[in-house]
*Asks:* 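I have a structure I would like to understand better, so I am pasting it below and will then ask my questions one at a time.
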4 protein chains.
Amino acid sequence: MQLFLQKGYKAVSYENITRKTRLSKGAIYHYFPSKQDLLVQTFEFLLEAARQRDTAALVAEVRDIPSFKRMYLRMKARQLKSFYSRLNQKQLQFNKVLFFIEAINEYHRLGEIVADLLRQEVDFLRRCMEELKKHRLIPAGKDPESLAQGLFWMLDGAENMLYIRKSRDQARDYLALYKKTLDLFFNLI
Amino acid sequence: MQLFLQKGYKAVSYENITRKTRLSKGAIYHYFPSKQDLLVQTFEFLLEAARQRDTAALVAEVRDIPSFKRMYLRMKARQLKSFYSRLNQKQLQFNKVLFFIEAINEYHRLGEIVADLLRQEVDFLRRCMEELKKHRLIPAGKDPESLAQGLFWMLDGAENMLYIRKSRDQARDYLALYKKTLDLFFNLI
Amino acid sequence: MQLFLQKGYKAVSYENITRKTRLSKGAIYHYFPSKQDLLVQTFEFLLEAARQRDTAALVAEVRDIPSFKRMYLRMKARQLKSFYSRLNQKQLQFNKVLFFIEAINEYHRLGEIVADLLRQEVDFLRRCMEELKKHRLIPAGKDPESLAQGLFWMLDGAENMLYIRKSRDQARDYLALYKKTLDLFFNLI
Amino acid sequence: MQLFLQKGYKAVSYENITRKTRLSKGAIYHYFPSKQDLLVQTFEFLLEAARQRDTAALVAEVRDIPSFKRMYLRMKARQLKSFYSRLNQKQLQFNKVLFFIEAINEYHRLGEIVADLLRQEVDFLRRCMEELKKHRLIPAGKDPESLAQGLFWMLDGAENMLYIRKSRDQARDYLALYKKTLDLFFNLI
DNA sequence: AATGAATGAGCGTTCATTCAT
DNA sequence: AATGAATGAACGCTCATTCAT
C-alpha cells in the first residue's frame with residue numbers, strides 16, 4: 001500500500017515489495033494471486049477510509065455556516081485519520097492521483113467505484129446546502145444543486161494543487177486547504 | 001506525442017514509436033538522446049499551446065460578465081485548436097493527467113514550468129475580476145484574488161471529472177464544460 | 001495418476017494435485033518424498049495392469065485363427081478394464097505416449113521395465129504363432145518369430161494413430177482397433 | 001532445433017538456447033516473437049525434410065519387389081540426409097516422438113500437418129502395392145489398401161522401438177530397421 | 001542520416017520443496 | 001498425520017539503450 005501510494009502501481013516491482021515486506025516473492029503470491037489483485041485489494045481497502053456513514057446525522061448538525069464548516073472539517077479529519085491508520089503510518093509522501101489513474105487503468109471496475117463515491121459526496125453537499133437554505137443562510141435564487149457542484153469542484157481543484165507543490169506534511173495541509181476553500185466559498189456566494 | 005498522451009509515458013515503448021513513425025530506433029536516437037529527452041521535448045512543445053500572449057489585450061475586452069465569458073471561451077478554444085494542431089490530429093482519446101504526472105515524476109523541472117503556467121492563469125483571472133469590479137459587476141466585499149482562485153479551482157475540478165467519464169469527443173466537451181462552469185460561477189457569486 | 005495421464009508429468013503441478021486430492025502439499029510429501037517418486041509409483045502401479053499371468057493357459061486356448069483372435073481380444077479387454085479400474089474411472093482422455101516418454105526420461109529404470117514388458121508381449125505372440133503353425137494354419141515358410149514381430153509392430157503402429165486422432169471413447173476404440181489390425185494381419189499372411 | 005529434438009520443447013529454456021547459440025535473449029526475440037513461434041518454425045522447417053516430391057516417378061520405378069525395396073530405402077535415405085543437413089549435424093541423439101507430441105500439444109495446427117503427411121505416406125505405399133499387383137507379385141485376394149495400411153503400421157511400430165532402445169547411431173539404424181521391416185513384410189504376405 | 005542486430009537487466013509469475021506447527 | 005506459510009531458483013518475455021555498418 002505504502003509503495004503503491006508513493007511510486008504508483010506500475011513503478012512498484014515485486015523486488016520493491018519483497019525488500020519492504022522482508023518476505024519472498026512466493027510468500028506474497030501465496031496470499032495474492034497477482035499484482036493486479038494486490039492493487040485491487042489495496043485500493044478497496046483504502047477506499048473504505050473515505051466511505052461515510054451516518055450522513056443524515058451529519059447533515060442534521062448543519063444549523064448555520066460555521067456549524068457546517070466545523071462538521072465538514074471534522075468529517076474530513078476523521079477520514080484522514082482512518083486513511084493513515086490503514087496505512088499504518090502517521091504520514092506518507094504520496095501521489096494519490098497517479099495511484100488512482102493507474103488503478104482505474106488496470107482494472108476498470110475501480111473507476112465505477114470511485115465515480116460512485118464522488119456522486120455520494122456531491123449529494124451529501126447538496127443536502128447540506130438545502131439545510132442551509134432552510135435556515136435562509138444562502139441568498140435566494142441560488143439552488144443547492146449548483147452550490148454543491150461548485151463547492152465540490154472547488155475542493156477537488158484545490159486538492160489537485162497539492163500534488164504539484166508536493167508539500168511534506170500533507171495531513172495538515174489537507175485540512176488547512178479544505179478550511180481555506182470553505183471560507184473562500186462562503187465569501188463568494 | 002500522440003502515443004504519450006494516449007498511453008502515458010511509461011507505457012510507450014520504442015517499438016510503439018517505431019511502428020507509429022515508421023522510423024528505425026537508430027533514427028530516433030539520432031535526434032533524441034533518450035526516452036526522457038523525447039518526453040521533455042514533447043511536453044514543452046505541447047505546453048506552448050497553453051501559453052497566452054497579449055493577456056493585456058484580452059483583459060481589456062472585459063466590459064461585463066457576458067463579454068468576459070465570451071473572451072475566456074474564445075481564448076480556450078484557441079488553445080485547444082493550437083493543441084490539436086500540434087498533435088496533427090482533430091481529436092485524440094487521451095489522458096492529460098497521467099501524462100502530466102508521469103512527466104513531472106520523470107523530470108522535476110517540468111513541474112515548475114507547469115506551476116508557473118498555472119500561476120499565470122490565476123493571475124490572468126484575477127485581472128479579469130478586477131476589471132469586472134471596476135465596472136461594479138461584482139458584489140462589494142468580494143476581493144478579485146479570492147474570486148480568481150475560486151473560479152480557477154472550480155474549472156480545474158470540473159475538468160478532472162472528464163477523465164473519469166472518458167468522453168469520446170473531448171474537444172467539444174472541454175468548451176461545453178468551461179461554459180457550464182463559468183455560468184455556474186457567476187450564478188454563485 | 002489421472003492428472004499425469006491427462007496432462008503429462010511436467011505439466012502437473014502440486015497445486016493441481018492438492019486441488020484434485022483435496023489434500024495439502026504437506027500430506028502428499030508425507031507419503032511421497034518427491035514428485036519423481038509420485039511418478040514412479042504411479043507408473044509401476046499402472047504397469048501392473050498390463051502384466052499378464054497364465055500366458056501358458058492363454059496360448060493353450062489357440063486352436064485356430066478365430067480362437068486366437070477371441071483370446072487376444074479378451075485378454076486386451078481385461079487389461080483395459082484393469083487399467084481403468086486402477087484409474088478409478090470409466091474412461092479418461094489421456095496421452096499414454098507423452099506420459100511414458102516423460103516417465104522414462106525422468107527415471108531411466110522405467111524404460112527397462114517397459115522394454116521387458118514389450119519383449120514378453122512379442123514372446124507371447126510368438127508362442128501363439130507356433131501354436132497356429134502346429135495346426136497348420138499358417139503358410140509354410142513363415143516363421144513364428146517374424147510373424148510375431150510383424151504383428152506386434154503393426155499393433156503398435158496402429159495404436160499410435162489414436163493419439164493423433166484423439167478419439168473421445170478410447171476404451172472402445174482400442175478394442176476395435178486391435179480387432180481391425182488382427183483381421184488385417186491374417187488377411188495379409 | 002537441436003535442443004528441441006534432444007530435450008523436447010518444454011525442457012528447453014532460453015538459458016539453454018542462449019548458451020548454445022551464444023546470442024542474448026533479446027537477439028533471439030528479435031527474430032522469433034515467442035518460444036511457440038520458435039517451435040513452429042523449427043517444426044515446419046524439419047517437416048520439409050519429410051516431404052516427398054515426384055512420387056509418381058518413384059512409383060513408376062516399381063517393377064518387382066526388389067526394385068520397390070530399393071526405391072523405398074533410397075527415398076528414406078534421402079529424407080534422412082535432408083533431415084540431418086537441416087540440423088547441420090551428422091547425427092543427433094534425439095527423441096522425435098516427444099518433440100512431435102509437445103509440438104502438437106502446443107500448437108494444434110501442427111497435428112493436422114503431420115496427419116496430412118502420414119496420409120500421403122500411406123497413399124504412396126498403396127500406389128506402390130497397386131503397381132506390384134499389376135505385375136502379379138502379390139497374392140490374389142489381398143487388396144493394395146490393406147497391404148499399404150499394414151506395412152505402414154509395421155514401419156511405424158518398428159520405428160517406435162528405437163526410442164526405447166535409444167541407440168547411438170540412429171541414422172544407420174533407421175535404414176537398417178526399414179530394410180528389416182520391408183523384408184519381414186514381404187516374407188509375411 | 002539512418003538502420004536494425006544485439007545486449008542484459010529487469011519484469012511478473014510458477015514451481016518443487018522445506019519446515020515450524 | 002497433516003497443514004499451509006515461506007522459500008528462491010527458474011521461467012518466458014519486454015525494454016531502453018548501444019553500436020557496427
Side-chain angles (χ1 to χ4, degrees), chain A residues 3-4 7-19 21-39 106, chain B residues 3-4 7-19 21-39 106, chain C residues 3-4 7-19 21-39 106, chain D residues 3-4 7-19 21-39 106:
Chain A
L3 287 170
F4 282 154
K7 313 172 68 166
Y9 174 65
K10 280 257 180 78
V12 173
S13 74
Y14 273 86
E15 217 273 317
N16 297 148
I17 301 174
T18 56
R19 199 156 45 217
T21 58
R22 298 190 163 282
L23 281 171
S24 66
K25 283 187 189 185
I28 292 158
Y29 272 97
H30 187 68
Y31 295 99
F32 301 91
S34 69
K35 197 184 169 194
Q36 194 189 95
D37 186 75
L38 213 41
L39 169 71
E106 184 70 22
Chain B
L3 288 170
F4 282 155
K7 312 172 68 166
Y9 174 65
K10 279 259 180 75
V12 173
S13 71
Y14 274 86
E15 215 274 316
N16 297 148
I17 301 173
T18 54
R19 200 157 44 219
T21 57
R22 301 190 159 282
L23 283 169
S24 67
K25 286 186 188 182
I28 292 161
Y29 270 95
H30 187 69
Y31 294 100
F32 301 89
S34 70
K35 198 185 168 194
Q36 193 188 97
D37 186 75
L38 212 41
L39 169 71
E106 185 70 24
Chain C
L3 288 170
F4 282 156
K7 312 172 69 167
Y9 174 65
K10 280 260 181 74
V12 173
S13 71
Y14 274 86
E15 216 273 316
N16 297 147
I17 301 173
T18 54
R19 196 153 48 216
T21 58
R22 301 189 161 282
L23 282 170
S24 67
K25 285 186 188 182
I28 293 161
Y29 270 94
H30 186 70
Y31 294 101
F32 301 90
S34 70
K35 198 185 169 193
Q36 194 189 94
D37 186 75
L38 212 41
L39 169 72
E106 185 71 23
Chain D
L3 287 170
F4 281 156
K7 313 172 65 165
Y9 174 65
K10 279 257 181 78
V12 173
S13 73
Y14 273 86
E15 217 273 316
N16 297 147
I17 301 174
T18 55
R19 199 157 45 218
T21 59
R22 300 188 161 282
L23 282 169
S24 66
K25 282 187 194 185
I28 292 158
Y29 272 98
H30 188 68
Y31 296 100
F32 301 91
S34 69
K35 198 186 169 194
Q36 193 189 97
D37 186 76
L38 212 42
L39 168 71
E106 184 71 22

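Residue numbers start from 1 in every chain, and the chains themselves are labelled A, B, ... in the order their sequence lines are given, proteins ahead of strands.
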*Asks:* Rounded to whole angstrom units, what separation is found between the CG atom of A/Asp37 and the P atom of E/dG12?
*Replies:* 15 Å
*Asks:* For the pair made of NZ in A/Lys10 and P in E/dG10, what is the distance, rounded to whole Å?
*Replies:* 19 Å
*Asks:* When you match B/His30 and D/Arg22 each to their closest nucleotide on DNA chain E, which lands nearer the 5' end?
*Replies:* B/His30
*Asks:* Tell me the closest heavy-atom pair linking C/Thr21 and C/Ile28, and the distance in Å.
*Replies:* OG1-CD1, 4.1 Å
*Asks:* Closest to the A/Lys25 side chain: F/dA10, E/dA2, E/dG4?
*Replies:* F/dA10
*Asks:* With nearest nucleotides of DNA chain F determined for B/Pro33 and B/Asn16 from heavy-atom distances, which residue corresponds to the more 5′ nucleotide?
*Replies:* B/Asn16
*Asks:* What's the closest nucleotide to the side chain of B/Tyr14 if the choices are F/dA16, F/dT3, F/dA6?
*Replies:* F/dA16
*Asks:* State, to 0.1 Å, how close B/Tyr31 and B/Pro33 come at their nearest heavy-atom pair, and which atoms those are.
*Replies:* O-CD, 3.9 Å
*Asks:* Pick the closest DNA chain F nucleotide for A/Ile28 and for C/Ala27 by heavy atoms, then say which residue is nearer the 5' end.
*Replies:* C/Ala27
*Asks:* Describe, in one word, how the ring planes of C/Phe4 and C/Tyr9 are oriented to each other, choosing from parallel (under 30°), tilted (30 to 60°) and perpendicular (over 60°).
*Replies:* tilted
*Asks:* Out of curiosity, B/Leu23 CG to B/Tyr14 OH, how far, rounded to the nearest 0.5 Å?
*Replies:* 12.5 Å
*Asks:* In whole angstrom, give the distance that lies between atom CZ of C/Arg19 and atom P of F/dG4.
*Replies:* 15 Å
*Asks:* F/dG12, F/dA16, E/dG12: which one has an atom nearest the side-chain heavy atoms of A/Lys35?
*Replies:* E/dG12
*Asks:* From F/dG4, F/dA6, E/dG4, pick the nucleotide closest to the side chain of C/Ser24?
*Replies:* F/dG4
*Asks:* Identify the two heavy atoms, one from B/Val12 and one from B/Lys35, that lie closest to each other, and give their separation to 0.1 Å.
*Replies:* O-NZ, 2.7 Å
*Asks:* Go through E/dC11, E/dA16, F/dT14 for me and flag the one nearest to the A/Glu15 side chain.
*Replies:* E/dC11
*Asks:* To the nearest 0.5 Å, tell me how far D/Leu38 CG sits from D/Ile17 CD1.
*Replies:* 5.0 Å
*Asks:* Roughly how many Å is it from OH in A/Tyr29 to P in F/dA9, rounded to a whole number?
*Replies:* 17 Å
*Asks:* Between P on E/dC11 and OH on A/Tyr9, what's the gap in Å once rounded to a whole number?
*Replies:* 13 Å
*Asks:* From the options E/dT13, E/dT7, F/dC13, select the nucleotide whose nearest atom is closest to the side chain of A/Ser34.
*Replies:* E/dT13
*Asks:* So if I take every side-chain heavy atom of B/Ser13 and compare against F/dT3, E/dA2, F/dC15, which nucleotide ends up nearest?
*Replies:* F/dC15
*Asks:* Just how far, in rounded Å, is P of F/dT14 from CZ of D/Phe32?
*Replies:* 16 Å
*Asks:* For DNA chain F, list all stems, counting runs of three or more consecutive pairs where every pair is Watson-Crick or G-U wobble with both distances under 3.5 Å.
*Replies:* E:2-21 with F:2-21
*Asks:* Report the nucleotide, chosen from F/dT3, F/dC13, E/dA1, that has the shortest atom-to-atom distance to any side-chain atom of B/Tyr31.
*Replies:* E/dA1
